[in-house]
There are 2 protein chains.
Amino acid sequence: MRGMNGSGEQLERKTKPGSGPGQAGPEGDLPRQAWTLLFELMHTHMRNFPALAAELDLSPVQAHVLRQLGEGPLAMSTLAAYLSCDASNVTGLVDRMEARGLVVRRSSEQDRRVKMLVLTEDGAALRERLLERIFEPPDAICGLPEEDLCALRDIMRRALGAQ
Amino acid sequence: MRGMNGSGEQLERKTKPGSGPGQAGPEGDLPRQAWTLLFELMHTHMRNFPALAAELDLSPVQAHVLRQLGEGPLAMSTLAAYLSCDASNVTGLVDRMEARGLVVRRSSEQDRRVKMLVLTEDGAALRERLLERIFEPPDAICGLPEEDLCALRDIMRRALGAQ
DNA sequence: TATTGTTATACTCTATAACTATA
DNA sequence: TATAGTTATAGAGTATAACAATA
């Protein structure tokens, strides 16, 4: 198929030649090369996400909410921040998930304006099934030799650690 | 697609012994480790995508369409397949983008049922700006040492090549 | 006054089903 | 008959603005 913008046609950016963290060499911008390939892999894989969520009767956004909701009670405003969306949006989102019995609202005792979200037993069980599927590595990853996988893991740890 | 299979049966991953491409070792499933980290990096980065698109007055989906639309005319049905969505959806999507002057519909001469999408000049210009932003590597990547970036690029090439 | 969550409104995205025009 | 695209409809996701309760 296509949809490939690999081979970096219009991406040959020899822009900043000199200093700084963006190394530009004879092959072009190295961070951008690596990132473009990584993005391509991820984007291809992510096309399946709506279908994956649908298998659990979740919308894509509900699946993201379920993923975020594992680590104890979460204020609705915090969830809105995680989702990078407006608070008014979270109201309807939680309405639907609460109606389905996945989460419950609980008023905070410290600040009675705040409502904390807690997973129900059903919600926690569904979340486990979801995570199992989300973190299933795609064939492109599984097919890599062990040394590549080790290197990839270590590089990603360094990248995330430096955040 | 809602019945679901094993109803609660989890996939006991790390008990898969020995052979096959999925190596299970004392540290657990190596592909899954690498993938989970990669997923986390990508997910964090992708939270900014709606805002990035909004800066160009695009919805997230319109941005994806623009990205796919660079390489010559594309049938609407093909676009629907790329987006993994229903054809009826593409009609409205293209309506709005056409109204804004980013694309035009052109009837195919081979098969007059088919309509091909072509970027306008404005559409192509906006696409260039979009791609420049999309493939801007995040700090977590830019901060990696050069050898990590080379290794990452090469590993991703192998992963994508083996698709 | 400022903040948390809700409501009202409007628009976009999405799927299903029925329709048309081609093939 | 089958396929490509449209229309109609319905529901979900999203932002803005106005609001109530609380701080």
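Hydrogens, waters and symmetry mates are skipped; everything else that's a heavy atom, side chains included, is used. Each chain gets a letter, A, B and so on, in the order its sequence line appears, and its residues count up from 1. Keep in mind that what you see is a predicted model, and the values were worked out from it rather than measured.
Considering only the side chain of Arg105(B), dT6(D) comes nearest among dT14(C), dA23(D), dT6(D). Comparing atom distances between the Ser59(A) side chain and each of dA12(D), dA15(D), dG5(C) picks out dA12(D) as nearest. Considering only the side chain of Cys85(A), dA15(D) comes nearest among dT6(C), dG13(D), dA15(D).
Residue Arg113(B) places a side-chain atom within donor-acceptor reach of the base of dT3(D), judged by atom type and a 3.5 Å distance cut-off alone. Put simply, the side chain of Ser77(B) and the base of dT3(D) share no donor and acceptor less than 3.5 Å apart. With hydrogens and angles ignored, a donor-acceptor pair closer than 3.5 Å exists between the side chain of Ser88(A) and the base of dT16(D).
The separation between Leu74(A) atom CG and dT4(C) atom C1' is 14 Å, rounded to whole Å. For the pair Leu58(B) CG and dC11(C) P, the interatomic distance rounds to 18 Å; values are reported in whole Å. When rounded to the nearest whole Å, the span between CG of Leu79(B) and C1' of dA4(D) equals 13 Å. Put simply, CZ on Arg100(B) is 15 Å from C1' on dC11(C), counting in whole angstrom units. The nearest whole Å value for the distance from the CD atom in Gln62(A) to the P atom in dT14(D) is 10 Å. Note: CG (Asp57(A)) to C1' (dA12(D)) measures 14 Å, nearest angstrom. Spacing between atom CD of Glu109(B) and atom P of dT22(C) amounts to 15 Å, rounded to whole angstrom units. dT6(C) atom P lies 4 Å from atom NZ of Lys115(A), rounded to whole Å.
Of the side-chain N and O atoms in Thr91(B), none sit less than 4.0 angstrom from OP1 or OP2 of dT7(D). Contact check, Arg96(A) against dG13(D): a side-chain N or O comes under 4.0 Å of OP1 or OP2.
Across the interface with DNA chain D, nearest-nucleotide mapping of Met116(B) and Arg112(A) shows Met116(B) to be the residue nearer the 5′ end. Take the nearest nucleotide of DNA chain C for Gln110(B) and for Asn89(B): the residue whose nucleotide is more 5' is Asn89(B).
In this structure, CG on Leu66(B) lies 5.0 Å from CE on Met97(B), to the nearest 0.5 angstrom. Between the CG atom in Asp29(A) and the OG1 atom in Thr36(A) there is a gap of 8.5 Å [rounded to 0.5 Å].
Ion pairing between a basic and an acidic side chain is recognised when a charged N comes within 4.0 Å of a carboxylate O; Glu40(A) and Arg157(B) show no such pairing.
Residue-level contact check: Asp86(B) touches the bases, meaning some heavy atom is under 4.0 Å from a base atom.
The main-chain N or O of Arg105(B) is found under 3.5 Å from a side-chain atom of Glu98(B) such that the two form a donor-acceptor pair.
A side-chain donor-acceptor contact under 3.5 Å links Ser88(B) and Asp86(B).
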